[in-house]
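Everything numeric in this text was worked out from a predicted model, so none of it was measured.
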Amino acid sequence: MSTALVKPVLYSYFRSSCSWRVRIALALKGIAYDQEPVNLLKDGGQQFSTEFQAVNPMQQVPALKIDGIILSQSLAIIQYLEETRPNPRLLPQDLKKRAQARMISDHIVSGIQPLQNLTFLKQVGEKMEWAQHNITCGFKALEQILQHTAGRYCIGDEVSMADLCLVPQVHNAERFKVDLAPYPTITRINKALLELEAFQVSHPCRQPDTPAELRT
């Protein structure tokens, strides 16, 4: 069977913000896929199993099996989807706006999220305070940037890769009880994005591995 006819498989954890980014991209582009849950807490972390290490040696989610290859790292996956399935586009045609979308994505993916993810929090004592501090520092900078780039969404009025990174990070901020009042632009964009079906169906509360008590 041609690899193009094989349904992609996403290795994901319902609460993983990195996985959520990819789920949004797949939903926006109308790509049907199967999901293979990887519980990051059960059995000491299923990502550390020999079976999953064969999928992703970095022992992280997400990983996407697609077109005969396995990709990891959310932005690499999203950009592969963009290059192979370009409609609807997630990177603006205008090169300056495209660079801004990548810049905002990297601010979140490299500058905020890693400092409050599960692996890092296991290494620090005051987990809530640490997460709040780093998200707050990141959001302060992000709010300033978005005041110059945003329309309805992060970059003008079209959904971009930056938006796929923003919504899961705001969800993390809410989980860690960060006060979002100082960030009206972030809050407004997040609210607008959560009205879109792709962001709703990919939400952590609606995944195959979402615990019953967290489903809505």
- Query: Heavy atoms, side chains only, cut-off 4.5 Å: are Tyr11 and Ile70 in contact?
  - Reply: no
**Item:** Asp34 with Lys65: basic N within carboxylate O range, under 4.0 Å
**Value:** no
Do the side chains of Glu82 and Arg98 get close enough for a salt bridge, i.e. N-O under 4.0 angstrom?
no
(request) Indicate yes or no for a side-chain donor-acceptor contact from Arg21 to the backbone of Pro168 under 3.5 Å, with no hydrogens or angles considered. (result) no
Validation row: Trp20, Arg15 side chains within 4.5 angstrom (heavy atoms): no
Heavy-atom closest pair (Gln35 atom, Asp209 atom, distance to 0.1 Å) is OE1-OD1, 4.3 Å
Residue set satisfying side-chain contact (heavy atoms from CB on, under 4.5 Å) with Thr187, at least two apart, ordered chain then number -> Leu180
Please check if the side chain of Asn56 supplies one atom and the backbone of Gln60 the other of a donor-acceptor pair under 3.5 Å. yes
Hey, does Arg85 have a side-chain heavy atom less than 4.5 Å from the side chain of Ile66? yes
Residues at least two apart in sequence or cross-chain that pass side-chain hydrogen bond (donor to acceptor under 3.5 Å, both in side chains) with Thr185, listed by chain then number, are Glu143
* Is there a donor-acceptor pair under 3.5 Å between the side chain of Arg102 and the backbone N or O of Met161? -> no
Residues at least two apart in sequence or cross-chain that pass side-chain contact (heavy atoms from CB on, under 4.5 Å) with Asp179, listed by chain then number, are Ala181, Pro182
Exactly one of Leu146, Leu194, Val170 clears side-chain contact (heavy atoms from CB on, under 4.5 Å) with Ile189, and that residue is Leu146
Between the CG atom in Leu64 and the OG atom in Ser19, the distance rounded to the nearest 0.5 Å is 10.5 Å
Item to check | Check: Gln207 side chain, Val201 main-chain N or O, donor-acceptor pair, under 3.5 Å | outcome: yes
### Task
Kindly say whether Phe176 contributes a backbone atom to a donor-acceptor pair with the side chain of Gln132 at under 3.5 angstrom?
yes
Counting only pairs under 3.5 Å, give me each side-chain donor-acceptor contact of residues 37-45, with atom names and distances, residues two or more places apart or in other chains.
from, atom 1, to, atom 2, distance (Å)
Asn39, OD1, Leu41, N, 2.8
Asn39, OD1, Lys42, N, 2.9

Sequence neighbours excluded, the answer for ring-ring contact (aromatic ring centres under 6.0 Å, His included) partners of Tyr183 is Phe139
Taken in chain and number order and not counting sequence neighbours, the residues that satisfy ring-ring contact (aromatic ring centres under 6.0 Å, His included) with His107 are none
* To do: Verify, without hydrogens or angle tests, whether Thr210 (side chain) and Pro204 (backbone) share a donor-acceptor contact under 3.5 angstrom.
  => yes
